[in-house]
Amino acid sequence: MSSTPSKTTEPLPLLPPHPPPPTGLARYRLLSPRAGVHVSPIQLGGLSIGDQWNDIGLGSMDKEASFKLLDAYYDAGGNFIDIANNYQDGSSEVYIGEWAEKRGIRDRLFLTTKASHPPIPYKLGAKSDTFFMHPLTVHEQLHGARQECPRPQNLLRWKQCQISSSVISGFAQEASDGLRRSFGISDTPAWVVAKANAYARANSLTPFVIYQGHWNLMERSFERDIIPMARSEGLALAPWNVLASGKFRSDAEEARRLESGEKGRTLLGARWLRNEQEKKVCAALEKVANEVGTQHITAVAIAYLMHKAPFVFPIVGGRKVEHLHANLEALDISLSDEQIQYLESVVPFDPGFPNNMIGDGSTHRDVWKASGHISETPLLRPIVHGDAHDRK
């Protein structure tokens, strides 16, 4: 008599699974190995939100337009917003805080605040990268953003005369006072960050967990020291200017702006039209965009950065909801190694000494390979669209 194997039944889940995310923005990721929070893979940049910087070439948004953009980001699943005390002379923080309070979502957001620059010109003594006046700055920010505790705090810039220990000790005091959850740093040499974190670990203080800096396909000096430092220190990366101040645009888009008079950002220079090299990069982005099935080259430019290292959370600004939705397509793009190499071939990049001698650690150098057969130790890879753990 043959026996029929019994069927095994999977145990019923205690809770029903969460509904599918509206976009990839709601597939939350661990911020970094040193920060146990889960955030959206793309940050919304608060630099454009507000109405005070139109005269300096950044454009402006009134409250209604700002709320529409914030609504579009949050409704798509976003929970990670970059702000600073000086953005739009403080109106950015005020708008974002009022919006979050009005929607009743203050406890669902992660705000990366920065409080180094004075919000009002010529009052340099009022705000500082040191911590003599920082408690005042912190409470001003909490009041402006209508938050009890905005999560990560970024030190905006390092100054040559500053002692790292005073910064770390000041951050530790804010943590003990319950004003901050975790800390980041931006636009700072890699050796300073490593030194500061070493001091923090040696003295049982709070180290930096995220680094913010200038990085895009045309400007890759970030890759020389910052990315290796972040891998070693367990830091997340939050690149800004990922779209090269709006220079990543198609020929058709540039012609449309010329005709309409819209132009583009002029904060970092009066020239808003692309030069020949920028046009070549855009043509390469357009070629890859056609291959991966998107009409938006900005999405490819963002996806490129997210393929380069783990824990990369690009800061994406802008003022139009349709541009935000176009940029979010980056989360649905998977680039091949060949496509990444093609994009990087347009603008030559010299990693500099000693990287051009010893490499970046991803493979063994010829001198070692000549000595014997050594198995590669793979680096931690980024999460990209199509990964099994990204689909679940």
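Because the structure is a prediction, the values reported are computed rather than measured. Numbers here simply count residues along the sequence, with the first being 1.
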Please check if the side chain of [X] supplies one atom and the backbone of [Y] the other of a donor-acceptor pair under 3.5 Å.
{"X": "His307", "Y": "Pro382", "result": "no"}
{"X": "Tyr211", "Y": "Thr188", "result": "yes"}
{"X": "Thr294", "Y": "His296", "result": "yes"}
{"X": "Asn79", "Y": "Val39", "result": "no"}

For residues [X] and [Y], report the shortest heavy-atom separation together with the two atoms involved.
{"X": "Ser66", "Y": "Gly50", "value": "OG-N, 3.7 Å"}
{"X": "Ile315", "Y": "Asp82", "value": "CD1-CG, 4.0 Å"}
{"X": "Tyr74", "Y": "Ile105", "value": "OH-CG2, 3.3 Å"}
{"X": "Val281", "Y": "Phe248", "value": "CG1-CE2, 3.7 Å"}
{"X": "Gly46", "Y": "Ser92", "value": "O-OG, 2.7 Å"}
{"X": "Gly78", "Y": "Ser40", "value": "CA-OG, 3.2 Å"}

Are the side chains of [Y] and [X] in contact, using a 4.5 Å heavy-atom criterion?
{"X": "Asp350", "Y": "Asn355", "value": "no"}
{"X": "Asp51", "Y": "Tyr95", "value": "yes"}
{"X": "Leu47", "Y": "Trp53", "value": "yes"}
{"X": "Gln88", "Y": "Met61", "value": "no"}
{"X": "Val346", "Y": "Met218", "value": "no"}
{"X": "Tyr73", "Y": "Ile81", "value": "yes"}
{"X": "Leu109", "Y": "Trp99", "value": "yes"}
{"X": "Gln212", "Y": "Ile185", "value": "no"}

How long is the span from the [atom1] atom in [X] to the [atom2] atom in [Y], to the nearest 0.5 Å?
{"X": "Ile297", "Y": "Glu286", "atom1": "CD1", "atom2": "CD", "value": "6.0 Å"}
{"X": "Arg34", "Y": "Ser32", "atom1": "CZ", "atom2": "OG", "value": "8.0 Å"}
{"X": "Thr298", "Y": "Asn327", "atom1": "OG1", "atom2": "CG", "value": "4.0 Å"}
{"X": "His214", "Y": "Ser186", "atom1": "NE2", "atom2": "OG", "value": "13.0 Å"}
{"X": "Lys287", "Y": "Tyr342", "atom1": "NZ", "atom2": "OH", "value": "5.0 Å"}
{"X": "Arg249", "Y": "Lys247", "atom1": "CZ", "atom2": "NZ", "value": "7.0 Å"}

Single hit among Glu254, Glu259, Glu253 for salt bridge (charged side-chain N to carboxylate O under 4.0 Å, His left out) with Arg256: Glu253

Passing option when Asp251 is tested against Lys279, Arg274, Lys280 for salt bridge (charged side-chain N to carboxylate O under 4.0 Å, His left out): Arg274

Residues Ser48, Tyr87; criterion side chain to side chain contact (heavy atoms under 4.5 Å, CB included); working and verdict: CA-CA 8 Å; Ser48 300; Tyr87 284 174; over 6 Å; no

Using distance alone, with no hydrogens and no angle criterion, decide if [X] and [Y] have a side-chain donor and acceptor under 3.5 Å apart.
{"X": "Ser91", "Y": "Gln52", "result": "no"}
{"X": "Glu219", "Y": "Ser221", "result": "yes"}
{"X": "Asp187", "Y": "Trp240", "result": "yes"}

Stepwise side chain to side chain contact (heavy atoms under 4.5 Å, CB included) test for Val292 and Ser334: CA-CA 8 Å; Val292 299; Ser334 180; over 6 Å; no

Side chain to side chain contact (heavy atoms under 4.5 Å, CB included) assessment of Phe80 paired with Ile42: CA-CA 7 Å; Phe80 200 13; Ile42 290 179; over 6 Å; no

Would you mind checking if [Y] and [X] are paired as a salt bridge, meaning a charged N to carboxylate O distance below 4.0 Å?
{"X": "Glu344", "Y": "Lys308", "result": "yes"}
{"X": "Lys68", "Y": "Asp62", "result": "no"}
{"X": "Lys102", "Y": "Asp71", "result": "no"}

Pair Leu217-Val347, side chain to side chain contact (heavy atoms under 4.5 Å, CB included): steps then yes or no: CA-CA 8 Å; Leu217 178 58; Val347 179; over 6 Å; no

Transitive ILVMFWY cluster of Leu379, excluding itself - 4.5 Å side-chain cut-off: none

Remaining members of hydrophobic cluster (4.5 Å side-chain criterion), Phe349: none

Gln295 atom CD, over 12 foreign heavy atoms within 6.0 Å: no

ILVMFWY cluster, Leu328 and Tyr28 together (side-chain gap under 4.5 Å): no

Geometric class of the Trp215/Phe222 ring pair [parallel <30°, tilted 30-60°, perpendicular >60°]: parallel

Side-chain donor/acceptor pairs under 3.5 Å, residues 227-239, sequence neighbours excluded:
{"from": "Arg231", "atom 1": "NH1", "to": "Leu380", "atom 2": "O", "distance (Å)": "3.2"}
{"from": "Glu233", "atom 1": "OE1", "to": "Asn197", "atom 2": "ND2", "distance (Å)": "3.2"}
{"from": "Glu233", "atom 1": "OE1", "to": "Arg201", "atom 2": "NH1", "distance (Å)": "2.8"}

